[in-house]
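Single-structure report; data block below.
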Amino acid sequence: MQVRVLFFGRVREIVGRAEDSIELASGARIEELFARYRELHPALAAYRPSLVASRNQEFAPWTAPLASGDEVAFLPPVSGG
Amino acid sequence: MQVRVLFFGRVREIVGRAEDSIELASGARIEELFARYRELHPALAAYRPSLVASRNQEFAPWTAPLASGDEVAFLPPVSGG
Amino acid sequence: MTPAAEDTIQLVHEPIDTVALAASVRAPEDGAVATFDGCARNHSRGRATLYLEYEAYEAMALAKMQEICIELHSRFAIHGVAMVHRLGRLEIGETSVFIAVSAPHRAPALDACRFAIDTLKRTVPIWKKEYFADGADWADGELPPLPAETPSRKAAS
Amino acid sequence: MTPAAEDTIQLVHEPIDTVALAASVRAPEDGAVATFDGCARNHSRGRATLYLEYEAYEAMALAKMQEICIELHSRFAIHGVAMVHRLGRLEIGETSVFIAVSAPHRAPALDACRFAIDTLKRTVPIWKKEYFADGADWADGELPPLPAETPSRKAAS
């Protein structure tokens, strides 16, 4: 299945792009998706404890299973205002 | 001694004037000054519990003794804002 | 922080220029401006209000507003304060009081703005009369804090 | 009270018209308008700031701002809300976020304004990068509340 991945702030800078589309095994969880990017960009590992995941524009647990067409992001601590 | 007395809001309406100058015995207290106006304007009596006195533009206890040239007011509950 | 000398404390008889006041408190060191705009609403205690009239013990009101301003600076890490109350007749929708507070961070700006309006409504000698279709009445007010029975030693001015 | 349909929730890339927004929430039934203006200040963590850049997960940020707005109406006796955040490059002194809340009485307007900015800073996916003379850094942020480990059942959009 295909999911869309968005990157923001420091995560965007580390990954070097604002979005991606990736093929995953059916039923993969957000944490498995994150692991794929961490392998490609080891600098992400240090930031993992301060990231929150989102799925379809809602905060989601790292254990949430993904479905085809989902939109996922790994959000750094927010600093609007 | 002479003191200046100011009236505001409902008290001004009852007394029918915005200010007055009055001769008092030396050492008179604010409550004695008020009693003079209450005699002239009995309607003031009902409002006495909701009034606060001021002396020289500071809130003052009713027992405060007055000095010549003092400026006194009997202030209804404030409703600015 | 910049001293309170730049603060604006006024009683006015014309419309309050809220835009200019909000701008006046703002400096490059500030990250937050909180404002409170009190305006004449069209109803009170279930009755339709036509207009309002405010009167003040002006000298004492200005002194009390200045005291609030000093207290704001001592209690909160703020920069600038503007506090203006209008007197006389106000039509519905017009601003009767406007407070603006700037600060490097948001919490002191918000806390100080709230403290200012709450204290103003309790301690500043200003009175509102509400005019209805069938009469007029003084608004229920708040009793200022009663001073202790020890007479104040402030000299006649 | 007038429904939230009139509320303004926006992300913009140009300067925020704070005057128009503050006016937009105001109706004859209102006795109070509280506003919060967050602006780019010239220092951060002891360093002189040159300018800021904000970015957002725009669709999610708007959804979260809308959620805050709905929560404001359910928690507080308010009338109108305007909540606008600016994105892109901001010079010192420019407004990054503006919130205005109107209500018949002051306490709900002030409480709601504060709740709105506190919640926005905790839950809305917007990020600020601070540019200094000697480099740039992402601002320390706040970790949004972690969802429970029960997967949400929201369908893909």
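Letters go in sequence order (proteins before strands), and every chain restarts at 1.
Within the 4.5 angstrom heavy-atom criterion, only side-chain atoms of D/V19, from C-beta onward, approach chain C. For a residue to count as touching a neighbouring chain, one of its non-hydrogen atoms must lie under 4.5 Å from one of that chain's; by this rule C/L110 touches chain D with backbone and side chain alike. D/A107 touches chain C through backbone and side chain together, each having a heavy atom under 4.5 Å away.
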For a quick check, list the donor-acceptor atom pairs closer than 3.5 Å between chain D and chain C, or say none.
residue	atom	partner	partner atom	Å
D/R26	NE	C/G93	O	3.4
D/R26	NH1	C/D37	OD2	2.8
D/R26	NH2	C/G93	O	2.8
D/R26	NH2	C/T95	OG1	2.8
D/P28	O	C/N42	N	2.8
D/E29	O	C/H43	NE2	3.2
D/G31	O	C/C39	N	2.9
D/V33	N	C/D37	O	2.8
D/V33	O	C/D37	N	2.8
D/T35	N	C/T35	O	3.0
D/T35	O	C/T35	N	3.0
D/T35	OG1	C/T35	OG1	2.5
D/D37	N	C/V33	O	2.8
D/D37	O	C/V33	N	2.8
D/D37	OD2	C/R26	NH1	2.8
D/C39	N	C/G31	O	3.0
D/R41	NH1	C/P104	O	3.2
D/N42	N	C/P28	O	2.8
D/H43	NE2	C/E29	O	3.2
D/G93	O	C/R26	NE	3.4
D/G93	O	C/R26	NH2	2.8
D/T95	OG1	C/R26	NH2	2.8
D/P104	O	C/R41	NH1	3.3
D/R106	NE	C/D118	OD1	2.9
D/R106	NH2	C/D118	OD1	3.1
D/D111	OD1	C/R114	NH1	2.3
D/R114	NH1	C/D111	OD1	2.3
D/D118	OD1	C/R106	NE	2.9
D/D118	OD1	C/R106	NH2	3.1

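The most heavy-atom pairs under 4.5 Å with chain D, out of C/P28, C/G93, C/A40, C/A32, come from C/P28.
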